[in-house]
Amino acid sequence: MKCTVISADPLRHRCRLLVVGCFTGELSPLVTELDRRLGGGVAAMRKRKEFTGAAGQTTLLQSGGRMAADSLLLVGLGERKGAVAESLRRAMGWAIRRVRATRLGGCSIVVDSDCVPLQEAAAAIACGSLLGEYSFDTYKTDAKKLLPPVGGVNLLVPPRADKGAAERGVAEAAGLCAGVRLARDLVNEPGNVATPARIAAVAEEAARELGFSCRVMAEDEIEGLGMGGLLAVSRGSAQPPRCLVLQHLPLGDATAPVALVGKGVTFDSGGISIKPGSGMERMKDDMAGAAAVIGTFVAAASLGMAVNLVGVVPLTENLPDGRAYKPGDVVTTMAGKTVEIVNTDAEGRMILCDALHHALSFKPAAIIDMATLTGACLVALGTEASAMFASDRRLAKELHLAGERSGERLWELPVWDEYGELMKSDIADMKNAGGPHGGSITAAWFLKQFVGRTPWVHLDIAGTAWEEKGVHYRPKGGTGVGVRLLVEFLKGRCQGE
Ligand code: BES
Ligand code: MN
Ligand code: ZN
């Protein structure tokens with residue numbers, strides 16, 4: 001979908017479908033004039049409470065020759081008080097679904113937000129549209145049953161407004177959403193397609209195209225490095241593991257990079273500690289952390305962000321087999337620490353500990369890992385926030401703020417040393433799982449043992465990586481969570497800011 005900025009008066013702009021946002025209980029001068037031409041239909045709907053401007057409401061009106069546009073789609077922005085970029089993104093997500101359902105193939109959206117600066121408003125509108133329009137149809141073979149994609153949208157800015165600013169906003173959204181959409185694709189692809197080798201190939205292709213570097217380590221190299229955790233988990237699978245090292249270093253090697261680490265379990269059956277069958281199909285999304293790292297590199301490279309980045313992405317399946325790792329096994333990790341396996345379903349931390357240790361070799365200024373790590377996270381926070389665990393206050397603050405700005409919100413939980421009591425092993429340095437209490441925290445505590453003194457944040461995205469219902473700019477399936485959050489965070493770390 002292409003977004004184009006046009007300077008035009010919406011009352012004169014000829015198009016098939018004009019999209020206009022409305023705050024709750026308000027009729028803007030533009031909507032008032034459109035309503036006058038349409039004979040008062042909008043005011044009447046407001047009276048009947050059919051369309052009040054509440055967030056996410058939409059209503060479609062036909063022109064019948066009374067306006068320059070053939071039809072008008074009004075979308076609710078919610079209350080004016082407290083309106084932010086996220087309000088625009090969500091409204092445009094709802095609107096673009098309705099646009100897509102019309103099968104018109106495009107629309108013109110009026111950018112007349114006075115609550116958000118123009119560039120940011122244009123970025124939010126483009127972003128909401130690009131993400132709301134997304135759908136994963138690769139395996140639907142009957143084209144007749146599909147809604148065609150929206151080919152393009154025009155963003156209408158007032159003739160006297162700064163068109164360049166709006167264009168910069170749209171370009172920013174386009175680069176960002178390319179990363180989010182790729183992350184969603186990777187998550188939505190089924191486990192039999194998105195194998196470790198396949199994900200590595202997709203990352204390599206993106207790297208070639210966008211000019212960042214991607215090194216793919218195969219099993220022998222993983223073994224050579226001594227990544228015992230990753231090797232142990234991969235042993236039960238016929239698919240060999242991979243470990244990606246991504247680098248985007250526009251500042252050369254004088255500046256310490258930010259390291260990003262993402263859990264890439266392409267299917268998590270639980271292994272020998274096998275999961276119950278019901279709902280297991282969702283475990284194809286257990287590589288959402290990996291997808292977020294790859295998507296962030298795509299966005300950062302597309303946008304030419306002046307920040308050094310290193311990514312480490314361990315990829316494997318977790319399956320039961322005669323060669324699979326077992327409860328009771330002791331695994332030696334790359335860091336040299338030994339782990340007694342008590343549950344093979346706690347596999348994420350076993351591959352992340354090696355990836356985190358490897359990331360340290362790049363002497364990063366900060367490490368951020370993302371992982372669909374624990375069911376307990378979903379229990380604690382549901383689907384509205386990712387859990388954040390931090391070893392550094394400044395880094396936690398920066399990420400929290402990026403979460404508020406991007407709409408990918410974070411809620412912090414503690415990782416106090418005391419939780420380590422639950423992870424004590426009789427025969428090794430630690431166990432790989434604690435008891436039933438504080439499951440997300442003990443998982444984070446485990447990871448913390450592998451990051452030394454480097455400022456570190458762990459994001460548990462088990463609740464946010466997958467959307468069940470489909471809302472605003474978040475259609476059903478993989479959400480691509482993490483990409484917009486990290487890009488927002490990295491903006492603040494770009495040179496010159
Ligand atoms: N990938 C799962 C976590 C998960 C569960 C993500 C549900 C999304 C939805 C992870 O590998 C896992 O199985 N964790 C275990 C840990 C336990 C064995 C200590 C869990 O949460 O049950
Ligand atoms: Mn598991
Ligand atoms: Zn898992």
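All values below were derived from every heavy atom in this structure, side-chain atoms included, with hydrogens, water molecules and symmetry-related copies excluded. Remember, it's 1-based here, ligands and their atoms both numbered in the order they're listed.
Among all heavy-atom pairs drawn from Leu130 and Ala173, the shortest one is CD1-O, 4.0 Å. When all heavy atoms are compared, the tightest approach of Met350 to Ile341 is CE-CD1, 3.8 Å. A pairwise comparison of heavy atoms in Val481 and Ala465 identifies CG1-CA, 3.8 Å as the closest pair.
Between Arg349 and ligand 1, a contact under 3.5 Å exists for no N or O pair. Taking only nitrogen or oxygen atoms, main chain and side chain alike, Arg282 does not reach within less than 3.5 Å of ligand 1. An N or O contact shorter than 3.5 Å is missing between Thr374 and ligand 1 by distance. Taking distance alone, with nitrogen or oxygen atoms compared against 3.5 Å, Ala433 stays at or beyond that limit from ligand 1. An N or O contact shorter than 3.5 Å is missing between Asp285 and ligand 1 by distance. Checked against a 3.5 angstrom limit, the closest N/O atoms of Asn343 and ligand 1 fall outside it.
The minimum distance between the Mn ion (ligand 2) and any N, O or S atom of Asp268 involves atom OD2. The minimum distance between the Zn ion (ligand 3) and any N, O or S atom of Asp286 involves atom OD2. Nearest N/O/S atom of Glu347 relative to the Zn ion (ligand 3): this is OE2. Restricting Asp268 to its N, O or S atoms, the one at the least distance from the Zn ion (ligand 3) is OD2. Residue Glu347 approaches the Mn ion (ligand 2) most closely through its N/O/S atom OE1.
Looking at atom 20 (C) of ligand 1, its nearest protein heavy atom turns out to be Gly375 N, 3.9 Å. For atom 9 (C) of ligand 1, the closest non-hydrogen atom on the protein side is Met283 CE, 3.4 Å. Considering only non-hydrogen protein atoms, atom 14 (N) of ligand 1 sits nearest to Leu373 O, 3.4 Å. The protein non-hydrogen atom at the shortest distance from atom 2 (C) of ligand 1 is Asp268 OD2, 3.5 Å.
In this structure, Arg323 places its CZ atom where only 12 or fewer heavy-atom neighbours from other residues, nucleotides or ligands lie under 6.0 Å away. Enclosure of atom CG in Asp142 by more than 12 non-hydrogen atoms of other residues, nucleotides or ligands within 6.0 angstrom is indicated. Environment of NZ in Lys275: crowded, with over 12 heavy atoms of neighbouring residues, nucleotides or ligands closer than 6.0 Å. Arg198 CZ: 12 or fewer foreign heavy atoms inside a 6.0 Å radius.
Residue Glu347 approaches ligand 1 through these ligand atoms, each under 4.0 Å from one of its heavy atoms: 11 (O). Residue Thr372 has at least one heavy-atom neighbour below 4.0 Å for each of these atoms of ligand 1: 1 (N), 2 (C), 3 (C), 6 (C). Those atoms of ligand 1 that come under 4.0 Å of a heavy atom in Asp286, given as number and element, are 1 (N), 11 (O). Less than 4.0 angstrom separates some heavy atom of Ala462 from each of these atoms of ligand 1: 6 (C), 8 (C).
Residue Asp345: no N/O/S atom is found under 2.8 Å from the Zn ion (ligand 3). At a cut-off of 2.8 Å, Asp286 does not coordinate the Mn ion (ligand 2) through any N, O or S atom. In summary, Lys263 places an N/O/S atom under 2.8 Å from the Zn ion (ligand 3), meeting the contact criterion.
With 3.5 Å as the limit, one finds no donor-acceptor pair spanning the side chains of Thr332 and Thr338. No hydrogens or angles considered: nothing links the side chains of Trp445 and Asp417 as a donor-acceptor pair under 3.5 Å. For the residue pair Arg474 / Thr479, no side-chain donor-acceptor distance below 3.5 Å is found, with atom types taken as modelled. Side-chain contact check for Tyr134 and Asn188: at least one donor-acceptor pair (N or O, by modelled atom type) lies under 3.5 Å.
Comparing Asp345, Asp460, Thr344, Thr442 against atom 13 (O) of ligand 1, the shortest heavy-atom distance belongs to Asp345.
Shown here, atom 22 (O) of ligand 1 is out of close reach of the protein: none of its heavy atoms lies under 4.0 Å off.
No donor-acceptor pair under 3.5 Å is formed between the side chain of Asp286 and the backbone N or O of Met283.
Judged by the 6.0 Å distance and 45° axis criteria, Arg184 is not positioned over the aromatic ring of Phe136. A cation-pi arrangement is present between Arg97 and Trp94 under the rule of less than 6.0 angstrom and at most 45 degrees off the ring axis.
For an aromatic pair to be called close, the ring centres must be under 6.0 Å apart, and His248 with Phe212 fails this.
The residue Met280 has no part lying near ligand 1, judged by heavy-atom distances below 4.0 Å.
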